[in-house]
Amino acid sequence: MGNDITILIGGKAGQGIQTIGAILAGICHDAGLFVFSTDDFQSRIRGGHSFHLLRVGSRPLSAPSIRPDILVAIDENTYDIHREKLMSSGIAILNKNGGNDGDSKGNIYRVPLQDLAAEAGGKIASNTVAAGVVAAVMGAGLDRVRAVIESRFEAKGEKVQTLNLAAVEKGYGQGRDICFQSPFSFDGEKSPDHVVMAGAKAAALGALAADCRFFPFYPMSPGTGIVTEVAANLGKLPVVMEQAEDEIAAVNMAIGASYAGIRSLVATSGGGFSLMVEGLGLSGITETPMVIINAQRPGPATGLATRTAQADLLFSIHASQDEFPRFVFAPGSVLDTFKTVKRAVMLSEKYQVPAIVLMDQYLTDSARTETNDFVVGDEHHSYIQDTEMYQGETYHRYKITEDGVSPRCLPCTPHALVRVAGNEHTPDGLPSEEPLNRVAMVDKRFVKLPAMTRELRLPSVFCNNSSFFLTGWGSSKGCIMEACLHLREEGIDAGWIIFEDLWPLDAQGLKDMLTGKRLIMVEGNATSQLGTLIRTLTGIEYLAAILKYDGRPIYPEYIVERVKDIQAN
Amino acid sequence: MGNDITILIGGKAGQGIQTIGAILAGICHDAGLFVFSTDDFQSRIRGGHSFHLLRVGSRPLSAPSIRPDILVAIDENTYDIHREKLMSSGIAILNKNGGNDGDSKGNIYRVPLQDLAAEAGGKIASNTVAAGVVAAVMGAGLDRVRAVIESRFEAKGEKVQTLNLAAVEKGYGQGRDICFQSPFSFDGEKSPDHVVMAGAKAAALGALAADCRFFPFYPMSPGTGIVTEVAANLGKLPVVMEQAEDEIAAVNMAIGASYAGIRSLVATSGGGFSLMVEGLGLSGITETPMVIINAQRPGPATGLATRTAQADLLFSIHASQDEFPRFVFAPGSVLDTFKTVKRAVMLSEKYQVPAIVLMDQYLTDSARTETNDFVVGDEHHSYIQDTEMYQGETYHRYKITEDGVSPRCLPCTPHALVRVAGNEHTPDGLPSEEPLNRVAMVDKRFVKLPAMTRELRLPSVFCNNSSFFLTGWGSSKGCIMEACLHLREEGIDAGWIIFEDLWPLDAQGLKDMLTGKRLIMVEGNATSQLGTLIRTLTGIEYLAAILKYDGRPIYPEYIVERVKDIQAN
Amino acid sequence: MTTSIFDTDRENQWCPGCGNFAILAAMKQAFEDQNLKPRDILLVGGIGQAGKTPHYLACNMLHGLHGRALPMATGAKLANHHLNVVVSSGDGDCYGEGGNHFLAAIRRNLDITLLVHNNQVYGLTKGQSSPTTDLAMGTKLTPGGPTSTPLNPLALALTAGAGFVARGFSGAGEQLAGLIQEAMNFRGFAMIDIFQPCVSFNKINTHLWYKERVKDLGDTGHDPTDLPQALAVAMTEPGTQIPTGVLYRKPGVPFQDRFTVLKDKALTDYPFAGDQINDILSGI
Amino acid sequence: MTTSIFDTDRENQWCPGCGNFAILAAMKQAFEDQNLKPRDILLVGGIGQAGKTPHYLACNMLHGLHGRALPMATGAKLANHHLNVVVSSGDGDCYGEGGNHFLAAIRRNLDITLLVHNNQVYGLTKGQSSPTTDLAMGTKLTPGGPTSTPLNPLALALTAGAGFVARGFSGAGEQLAGLIQEAMNFRGFAMIDIFQPCVSFNKINTHLWYKERVKDLGDTGHDPTDLPQALAVAMTEPGTQIPTGVLYRKPGVPFQDRFTVLKDKALTDYPFAGDQINDILSGI
Ligand SMILES: Cc1ncc(C[n+]2csc(CCOP(=O)(O)OP(=O)(O)O)c2C)c(N)n1
Ligand SMILES: Cc1ncc(C[n+]2csc(CCOP(=O)(O)OP(=O)(O)O)c2C)c(N)n1
Ligand code: SF4
Ligand code: SF4
Ligand SMILES: [Mg+2]
Ligand SMILES: [Mg+2]
């Protein structure tokens, strides 16, 4: 089984609790342990309550846990908010300077973080003290702890570095006295095959690896995280970012740039995506490639700005007036995100259709140990047909071809005139109202569908003969997998079916795959959108649905509990 | 069987061909005959080619016909464009001044319209000459013809009236010499039970009858026609129209006005609707009533601006990030439009949800004889709970109630404070990120669904034991009905199933109704969206689909032909 | 802090030290000075830190979408033009996402009071540049500073024809309360662009930075009825001196007066026009 | 009519007598006078009668959504700033639906030429009022005239910081061709608001109406480098006199120059940065 614990660090926005998590994750990663972290925070900059969950395991992890073994309370509210979730074998570390008076007793340890930091040379380092405490509790050697602090604060200058080293040691000294039942072995070594990354960064790197060069954006949580990760590479790459005046501008800029030959991606959330819908259709009718990442959050309208949801699936499939082929993906892990965004860019180019990648706050913001398969593939390969450019003015952007894909040239290159219209158009790109031409053009666009469908993968199935299947999509993949394994350990014959490619799907293939299977949908929405999609494509009805729409991730524990409820009924 | 003929009047944009149709329709209507007219025009103001189809019958008509018995060519292109469609028994009347030289021969009659008009006193009246020709050909008495002209031009002053009377007589004189096989009896009387109206006007009147008072708009064909009909009543009613800077403004204005207590409706087309999607969600989460009429046209993007389509059904059901209850309707006739818009306004108010009414260019622009059941009902009844206003500041806009509908008060009335937020909110309307509150609010909104579902009607079924059913929705209702009757006359055992209420539907009721029936979908889109919806709701697969997506109406003749094709295979 | 009938018991979510607190206080003062009651006011909020202001005032509240406060206010005002409408919006909300509505509201002479909490940054979304961000200010997403020249909201409002154009500063509370009251009493579109330090994300335009530059126009002999003069003031290079107070005041025909039907009474005050509609229906 | 290498064989769909024909001719002339070839130019069209202009010119064409010509042009220009981009938009397209993008393009100093065919009406959708419609002009949907004060595009552009601001008139073809050429040669945002009679829907601002009022600035000693003077000209009461010509010309840093990465070459000219990306990936 291996060791597996969860640390919950809570405090106010602005108190830097994520830093504590990041230091601890670094120490664990260096020792070859596996981590999984996720953030829960409010739509505010200071105050309130947020928490960071860090799970550490000696084996790979694919989900967070909501039941902490170590509860670190930086402010006074945290303990009260989370005490009920604390494992009975767990301990709580309360910041004595955070309003938690009194002495340590039972499994509660009170540590004066600011006082210790002040002793070390500056109150500002109190988070580092906290990290030191927990590192010691977990059983990390001081050398490892120091090494992480040294490299983390290297860029900030010697003074800061020295302060934090002193602070971490202060904390470490306190932590050593705390008795914890499940310490880890930190004797292992960092594996070159592993990397700790969050979904937002994976999406950005995937886009860059696929030669996306233009990222117009309008800030919107949680989509902003993705562009922020692109921005971190500005200056190193031939990449342009531009803050648009609104999302409508962003999507139209992307189409304009793509027309002129640059792969473009916009990242947003549901509200921004709503504003991009008309542009999505423009990409559809002009057959101009473009990728939209919709990092979902609860809605409708402003909804819950910093929370998570999986409720835009059917909207993504049907968004825009009238019909045209598009791709819809929803990656299930951080590595999947990297690969999926690369594929989305490439497939959008190959078929000259828009592609939508559904992420969400949970996926963008949660970091985890992943196999380091983040490599440049050949998705950057160009699909633009330069040879056609020499046809001069007889070049037709929308030439009718057998596979529906017309030769795409760039404007203002030596010979071809490239004409593109969001009106229905003849093959030369000029508007036309002719009924037969209209039919020909709709058919031309739709004839791409079979090949597009073949590019997509049917869902992954685990334990094909199980008595029922936890069935979900996208970011909850890991939670479903963990829940499933947990149920199996308890002797419950569960399997899973997980979708990451969502549109267009091979309906017959899916029907063959699902026929006779009992499905329990697990989704982050209130109506079971994937369940609806399955019924639409195959006529197959699911058995039950575990739906969570409170804006929080679908923790494995929740799934397990609800499966048992369902079985009890 | 009765008599039943179709007149096609073709010419350039700006040549006033619709006027000819309107005069003829008036003459027929006065004689108790039934009319059905529809317009086919390009997205331009002058030139090109447009045509007006006027069908006249001695029995009620529910669809146009594309095969003319009388072809009136105002310009030189018209005859060439339409000659193939002319019935073998039909005649063509060509404007000798329109570039059609030569003499009358066979079934072709050449009439110098401008010359005759000039003789009558002014070339401007040449359309009236044309109307006179056709009226005579159809067999109308000169008195009837004169009466219509008199009243039509009354408001324009005596000079104009006299000119047009002279012109119509000139034409009438020519028409009398033309031999036509199917003249009508014009001896009947105008029935007070009948009225000739187009869909756009019916929608406007429906909204007014349901006490809609605010119509923010941004012009977009074919939605503009609806607001134009509202505008015709400005000054007579307590109604405000406001041209918005864009569609986003329009929808948010509607929500603002509705919050303040005024029923509001926006009419647009698909592109504008796309821009309203975020606002639709705002109406959803704030539970602010509002009606959107989406007069569909072919898309995506700019598409075909003045053409027709039925391709926004699934988009309407799923538009906006996240989920919330809404109504979707698609009226099938002009009278249905009046009634449906009234119901949409009322149901939107009753359940405090947005309602979408799907129309299209064909429905808005086609006029027909309808039973005069255009009456004010009690849809204007107020659902605003004044009594709650006296609760003062303890009033909660989002009080959790059994049926999900909370008491709605108006802001700035004596006591209650009315707080509304597009963020997720507590019952008092203030934003909240609490997970349990979020779930309670999503559930509160969705608990309305069963009652909303009970308000809607399952589709109408004709010939319940037929061997197959032509199945469609919205504006093509009449075409499907005519096609069906035609097939039955030919001994083909066809029935119909027509949806006008589309969301939310009673899935079990629908399944019971459709089980065992063989469905041939008839839709104005390329993917059979209703067929998809039926599969989604019931798991039932349709047999075949007749899909038309060339931007033109689904004429009955087309359906009949395609059914035979299907049967032949 | 003094208590007010406009207080709410909601926890305030702004950062300690944020300039918004002073704007909130000035609003309360302005409302109280006019003897208004919570039920008398409709607050419309955009989305952003500024847009949260209505959460902290006991009034009627309409809080919708990012950038769309003005269209919502337009609808509410057309429905019932007796509503006393105050809009709280941010520089991003009003001049960025909502830029088109800003121009349109001015051209309508919408009879509301618009308070733009101008912190020259997107606060709530963590410090991206806004339409008024200084070219020198790098952000995570625009490390080299914005690629757009900052927008001058007052100059724009003046050229677009706004009737009441003022600038306030959160650090000058008394003046601000007075401006708000004046704006609310103006019949027509009245806007106050309020400089508001964002302590978390704007390290350039700090409280001190503004403090050193603001200059009350009341002390300069400025004539607020002179448009070219107002424009010249609005176009003062913002780095050196920041004129505050009323730049321009000129009443015009307010929006509601442009509708004949609203001359007698508010749209909400009309009974259902059943008879007239019946007439129309029987005339078809 | 003379023939041109920019002619197409598409049937022109404008109404006979429409002012757009003269604008089209002036564009051809301006292109030819610069010895440009069809493949050298990218025309971006809005949606409306004005937006159809690119259909009638043998050039590269990007014709998208109503109101969104400028964002599309922005994207194309960032992708390849060597593109010679001319945008044809209408008063509704550019100042109505696209108002926010108009301001943003100016603030970016987007290096394109914007031609606004200003017929003071929505032509293609049959004569509704536009942002520049005269208050006196009733339409079917606004029988009492617009409820919004007309927008002054030139004054707005000037206050927003546009570098090249001109007004043309379709009835003054030679002047217009010259203005277009000058605008195309200006490095940065260059706009020409072109009065264009709509014979079908605008019965007030007719060819004659304009003809009687236009006055070439070249004949007045106007100094196009003086911003206040330009603003004063832009704000001339439009009913009495219509100054045409270049109101203002002042080069600034064009948009592309604000991106370090575009200094050397266009984004399209860079090879795939595989090695650098590999470095980044191996550093994670
Ligand atoms: C359609 C949409 N796009 C983006 C956002 C994200 N968003 C929320 S607030 C905000 C910026 C607010 O800036 P500003 O108006 O200046 O307010 P501040 O927080 O600075 O007071 C943004 C971009 C959103 N909620 N909706
Ligand atoms: C989103 C959207 N809204 C509305 C329309 C309808 N529409 C097309 S052109 C136009 C007005 C064009 O006016 P203007 O830009 O002045 O051009 P003109 O025809 O006068 O040259 C409108 C409202 C549209 N195509 N898309
Ligand atoms: S982020 Fe800035 S604007 Fe927002 S509350 Fe904090 S200080 Fe105020
Ligand atoms: S409607 Fe007006 S703008 Fe359009 S083509 Fe005709 S004259 Fe020109
Ligand atoms: Mg701000
Ligand atoms: Mg126009």
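Since this is a predicted model, take the numbers as computed values, not measurements. Throughout, a chain's letter reflects where its sequence line sits, starting with A, and its residues are numbered from 1.
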Side chain, backbone, both or neither: which part of [X] has an atom under 4.5 Å from a heavy atom of chain B?
{"X": "C/T260", "answer": "neither"}
{"X": "C/R108", "answer": "side chain"}
{"X": "C/F255", "answer": "side chain"}
{"X": "C/I41", "answer": "backbone"}
{"X": "C/N278", "answer": "both"}
{"X": "C/L103", "answer": "neither"}

Just so I know, are the side chains of [X] and [Y] near enough to count as touching, which here means a heavy-atom distance under 4.5 Å?
{"X": "B/D246", "Y": "C/H101", "answer": "yes"}
{"X": "B/N423", "Y": "C/I47", "answer": "yes"}
{"X": "B/V420", "Y": "C/M61", "answer": "no"}
{"X": "B/D211", "Y": "C/Y270", "answer": "no"}

Would you mind checking which part of [X] comes under 4.5 Å of any heavy atom in chain C, side chain (CB onward), backbone (N, CA, C, O), both or neither?
{"X": "B/T426", "value": "side chain"}
{"X": "B/V196", "value": "neither"}
{"X": "B/Q243", "value": "backbone"}
{"X": "B/V239", "value": "backbone"}
{"X": "B/V195", "value": "side chain"}
{"X": "B/A254", "value": "neither"}

Practice task
Have a look at C/L281 and tell me which of B/L205, B/N372, B/L208 forms a side-chain contact (heavy atoms from CB on, under 4.5 Å) with it.
Solution key: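 When B/L205, B/N372, B/L208 are each tested with C/L281, the side-chain contact (heavy atoms from CB on, under 4.5 Å) holds only for B/L205.
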Measuring from atom [atom1] of [X] to atom [atom2] of [Y], what distance do you get when rounded to the nearest 0.5 angstrom?
{"X": "C/L42", "Y": "B/L410", "atom1": "CG", "atom2": "CG", "value": "11.5 Å"}
{"X": "B/S258", "Y": "C/M72", "atom1": "OG", "atom2": "CE", "value": "9.5 Å"}
{"X": "B/L417", "Y": "C/K37", "atom1": "CG", "atom2": "NZ", "value": "12.5 Å"}
{"X": "B/I248", "Y": "C/E97", "atom1": "CD1", "atom2": "CD", "value": "7.0 Å"}
{"X": "B/R213", "Y": "C/L78", "atom1": "CZ", "atom2": "CG", "value": "13.5 Å"}
{"X": "C/R10", "Y": "B/L430", "atom1": "CZ", "atom2": "CG", "value": "4.5 Å"}

Exercise for the section: May I ask you to check whether B/R419 and C/T8 show a side-chain donor-acceptor distance below 3.5 Å? Expected result: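 C/T8 and B/R419 do not have a side-chain donor-acceptor pair below 3.5 Å.
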Practice task
Go through the steps to decide whether C/I280 and B/L237 satisfy the test side-chain contact (heavy atoms from CB on, under 4.5 Å), and finish with yes or no.
Solution key: CA-CA 10 Å; C/I280 292 166; B/L237 296 172; 3.7 Å; yes
Practice task
Would you sort out whether B/E242 and C/F259 count as a side-chain contact (heavy atoms from CB on, under 4.5 Å), showing the intermediate values?
Solution key: CA-CA 10 Å; B/E242 171 62 5; C/F259 295 84; 3.4 Å; yes
As an exercise: rank [options] by heavy-atom pairs under 4.5 Å with chain B and give me the winner.
{"options": "C/D264, C/I277, C/L65, C/I284", "value": "C/L65"}
{"options": "C/G45, C/A266, C/P271, C/A69", "value": "C/P271"}
{"options": "C/Q276, C/R107, C/R68", "value": "C/R68"}

Problem - Least distance between heavy atoms, C/A79 atom then B/I262 atom - result: CB-CG1, 3.4 Å
Problem - Minimal non-hydrogen separation, C/L267 against B/P238, with atom names - result: CD1-O, 3.5 Å
Handout entry: Partner residues of C/F201 under the ring-ring contact (aromatic ring centres under 6.0 Å, His included) criterion, sequence neighbours left out
Key = none
Practice task
May I ask you to decide if B/P411's main-chain N or O and C/R39's side chain share a donor-acceptor pair within less than 3.5 Å?
Solution key: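 Side chain of C/R39 to backbone of B/P411, a donor-acceptor pair under 3.5 Å: no, none is there.
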Problem - Side-chain (C/N80) to main-chain (B/A260) donor-acceptor, under 3.5 angstrom - result: no
Handout entry: CA sep, side-chain torsions, deciding dist, call: B/Y259, C/N60, side-chain contact (heavy atoms from CB on, under 4.5 Å)
Key = CA-CA 11 Å; B/Y259 163 79; C/N60 294 281; 3.6 Å; yes
